[in-house]
Amino acid sequence: MNSQKSHTNFELIKKSSQTAARLGKLYTPHAVIETPVFMPVGTQATIKAMNQDELRDMGFKIILGNTYHLYLRPGHELISRIGGLHNFMNWNDAILTDSGGFQVFSLSDLRHINTAGVMFKSYIDGSSHEFNPERVIEIQEAIGADIIMAFDECTPYPSTWEYTREAAVRTHQWAERCKAAHSRPDQYLFGIVQGGLYKDLREWSAEFINALDFPGNAIGGVSVGEPKEEMHNVVEWTAHLLDENKPRYLMGVGTPLDIINFVMQGIDMFDCVLPTRLGRNGSMYTTYGRINIKNARFADDFTPLDPECDCYTCRNHTRAYIRHLYKSGEILAARLATYHNLYFYKRVIEGIRKAIAEDRLVEFRNEFMAKYGKDD
RNA sequence: GGGGGGAUUCCCGAGUGGCCAAAGGGAGCAGACUGUAAAUCUGUUGCGGAACGCUUCGGUAGUUCGAAUCUACCUCCCCCCA
């Protein structure tokens, strides 16, 4: 057991008797992370609208950065020169960098894929760049995150079985090449399962990636616009095939209820832009469901965003004030809302961990849904 | 006192005989957002139940088959010269 723990740097603390949920500890060079965990997305070396102290004070121990964005600007060499991303952005806890695989999907009109890699046009200045497994590992090693991701191809929804299979073959080859190219022992390289919405491809991909024996395994290719049930199926097909002694990371997910549901399927790590993006766009999470603070009905609502929240925003400001800030285009609106939304996620994930510890996750989910209502 | 330019739907502003309930922007109202090309994007915004009909482009009276667009007068605003 001990040798396995040191190999994966993941310690399984407790398994739920009700569901596939687990409690764990992920040891990284910069932080010990209690799982299940939600990781805020900081694509460009910043969680938009937040400063590092605020994130740390909320209790986030790991955040995301993005290889593609940081490579284009300011450049991984520059980041490397000041000692890596931790130093550059003055973040002393853990960082995970996404490999750019999602940009293969999201910037689809700006790229060309072949087996060797992906040719990209910069969304900033149109210049051409090539990403391939070796290059992506080199960049991620220069950036220096605690956890780095294999370069994968995130296929769009919908895709044919044939194309999804081709993309998965590439993703598998790239995973092997990433593993071979990876040289920094103080970084953990996670593999990524693809396979779209096809059960046979997902199972095949999960078994293939699992067999490569990465210190952690991710499920990619979801949250690309597919129906919720499809996402649920993908996790159901794959999660149990991934080594239970290693962390399982569901990439890009999700809503608060998604997180609860997928924890119950054995997922340990999540990241999602929703709390930050929705915050900037005027949508706020509350115990009783999401609200659009810009709606007229909040104009003279002098209560906090969420009556059951004790975050900085809710302790100090009213819905009416925050609505006013939005309508006025004031930057503080985005800050207060982002803080609140991230804090909401923090409360949910802490609630999940506590519920697993007490072995009452199912009850926790029911209580959450009774108040929160439909999932959005 | 003389000469010139204007008044358009909540605001700014286009439109100079029919294709105009009237471009575009703003504001308003609502919706979307899941490994962030996102402080973004979409819809909607005279009235009536929609096909369609009705009322509207400073005011009044005209010309015309037809006017926001042409004419006359009126009201108000701006600029220039005394």
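Here is the naming used below: chain letters follow the sequence lines, and residue numbers restart at 1 for every chain.
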Base partner of rG62(B), which must satisfy Watson-Crick or wobble distances under 3.5 Å: rC70(B)

Which ring-ring contact (aromatic ring centres under 6.0 Å, His included) pairs, counting each pair once, include a residue from residues 231-256 of chain A, with sequence neighbours left out? His232(A)-Phe262(A)

State the pairing partner of rU75(B); accept Watson-Crick or G-U wobble contacts with both distances under 3.5 Å, and report none otherwise. rA7(B)

With sequence neighbours excluded, residues passing side-chain hydrogen bond (donor to acceptor under 3.5 Å, both in side chains) with Lys121(A): none

So side-chain hydrogen bond (donor to acceptor under 3.5 Å, both in side chains) across residues 144-157 of chain A, not counting sequence neighbours, yields His30(A)-Asp146(A), His86(A)-Asp146(A), Asp152(A)-Gln194(A), Glu153(A)-Tyr163(A), Glu153(A)-Arg170(A)

Under a 3.5 Å cut-off for both distances, is rA38(B) Watson-Crick or wobble paired, and to whom? none

Side chain of Asn66(A) only, please: which of rG35(B), rC33(B), rU36(B) is the nearest? rU36(B)

Which listed nucleotide (rG35(B), rU36(B), rC29(B)) is nearest to the side chain of Met251(A)? rG35(B)

Arg202(A)-Thr238(A) side chain donor-acceptor pair, cut-off 3.5 Å: no

Measure from CZ on Arg323(A) to C1' on rG28(B) and round the result to the nearest Å. 9 Å

Applying a 3.5 Å limit to both distances, which nucleotide forms a Watson-Crick or G-U wobble pair with rC33(B)? none

Distance below 4.0 Å between Asn295(A) side-chain N/O and rG31(B) OP1 or OP2: yes

Rounded to the nearest angstrom, tell me the gap between atom CG in Leu70(A) and atom P in rA37(B). 12 Å

Which of residues 104-121 of chain A have a heavy atom under 4.0 Å from RNA chain B? Ser106(A), Leu107(A), Asp109(A), Leu110(A)

Quick one: list whatever passes side-chain hydrogen bond (donor to acceptor under 3.5 Å, both in side chains) with Gln44(A), sequence neighbours left out. none

Pick base, sugar-phosphate or nothing for Gln194(A), based on heavy-atom distances below 4.0 Å to the nucleic acid. base

Salt bridge or not between Asp268(A) and Arg22(A)? Use side-chain N to carboxylate O under 4.0 Å. yes

For Trp204(A), which fellow cluster members are found when Ile, Leu, Val, Met, Phe, Trp and Tyr are connected by side-chain heavy-atom distances below 4.5 angstrom, either directly or through intermediates? Trp161(A), Val169(A), Tyr198(A), Leu201(A)

Summarise how protein sits on nucleotides 38-44 of chain B as a single string, 5' to 3': B when a protein heavy atom is under 4.0 Å from the base, S for sugar-phosphate-only contact, - for no contact. BBB----

Close approaches to RNA chain B from residues 134-170 of chain A, in residue order (heavy atom, under 4.0 Å): Asp152(A), Cys154(A)

With a non-hydrogen cut-off below 4.0 angstrom, is Asp271(A) in contact with a base, only sugar-phosphate, or nothing? sugar-phosphate

Ionic contact status for Arg135(A) with Glu130(A), cut-off 4.0 Å: no

To the nearest angstrom, the CD1-P distance between Ile47(A) and rU36(B) comes to 11 Å

Separation of rA30(B) atom C1' from Ile293(A) atom CD1, nearest Å, is 15 Å

Pair Asp306(A) + Arg347(A), salt bridge at N-O below 4.0 Å: yes

Under 3.5 Å, is there a donor-acceptor pair linking the side chains of Asn245(A) and Glu11(A)? no

The complete set of ring-ring contact (aromatic ring centres under 6.0 Å, His included) pairs with one or both residues in residues 43-72 of chain A, sequence neighbours excluded, reads Tyr68(A)-Phe120(A), Tyr68(A)-Phe131(A), His69(A)-Tyr123(A), Tyr71(A)-His76(A), Tyr71(A)-His129(A), Tyr71(A)-Phe131(A)

The side chain of Ala296(A) is closest to which nucleotide in this list: rG35(B), rG31(B), rA30(B)? rA30(B)

Could you pull out all residues at least two apart from Lys179(A) that satisfy side-chain hydrogen bond (donor to acceptor under 3.5 Å, both in side chains)? none

Nucleotide paired to rA51(B) in any strand shown, Watson-Crick or G-U, under 3.5 Å: none

rA14(B) -> Watson-Crick or G-U wobble partner, both distances under 3.5 Å, gives none

Please determine if Arg165(A) and Asp200(A) form a salt bridge, counting it only when a charged side-chain N lies under 4.0 Å from a carboxylate O. no

Distance in angstrom units between Ile219(A) CD1 and rG35(B) P, rounded: 16 Å

Quick one: label Thr276(A) by what it contacts on the DNA or RNA (base, sugar-phosphate, nothing), any heavy atom closer than 4.0 Å. base

Measure the distance from CZ on Arg73(A) to P on rA37(B) and round it to the nearest whole Å. 12 Å

Any pair counted as ring-ring contact (aromatic ring centres under 6.0 Å, His included), so long as it reaches residues 271-296 of chain A, sequence neighbours left out: Tyr285(A)-Phe344(A), Tyr285(A)-Tyr345(A)

Is the shortest distance from a Lys or Arg side-chain nitrogen in Glu34(A) or Lys61(A) to a carboxylate oxygen in the other one below 4.0 Å? no

Between rU36(B) (C1') and Leu64(A) (CG): distance, integer Å: 11 Å

Using a heavy-atom distance cut-off of less than 4.0 Å, which residues of residues 255-265 of chain A contact RNA chain B? Thr255(A), Asp258(A)

rC33(B) P sits how many Å from Arg290(A) CZ, rounded? 6 Å

From rU36(B), rC29(B), rG35(B), nucleotide with atom closest to Lys327(A) side chain: rC29(B)

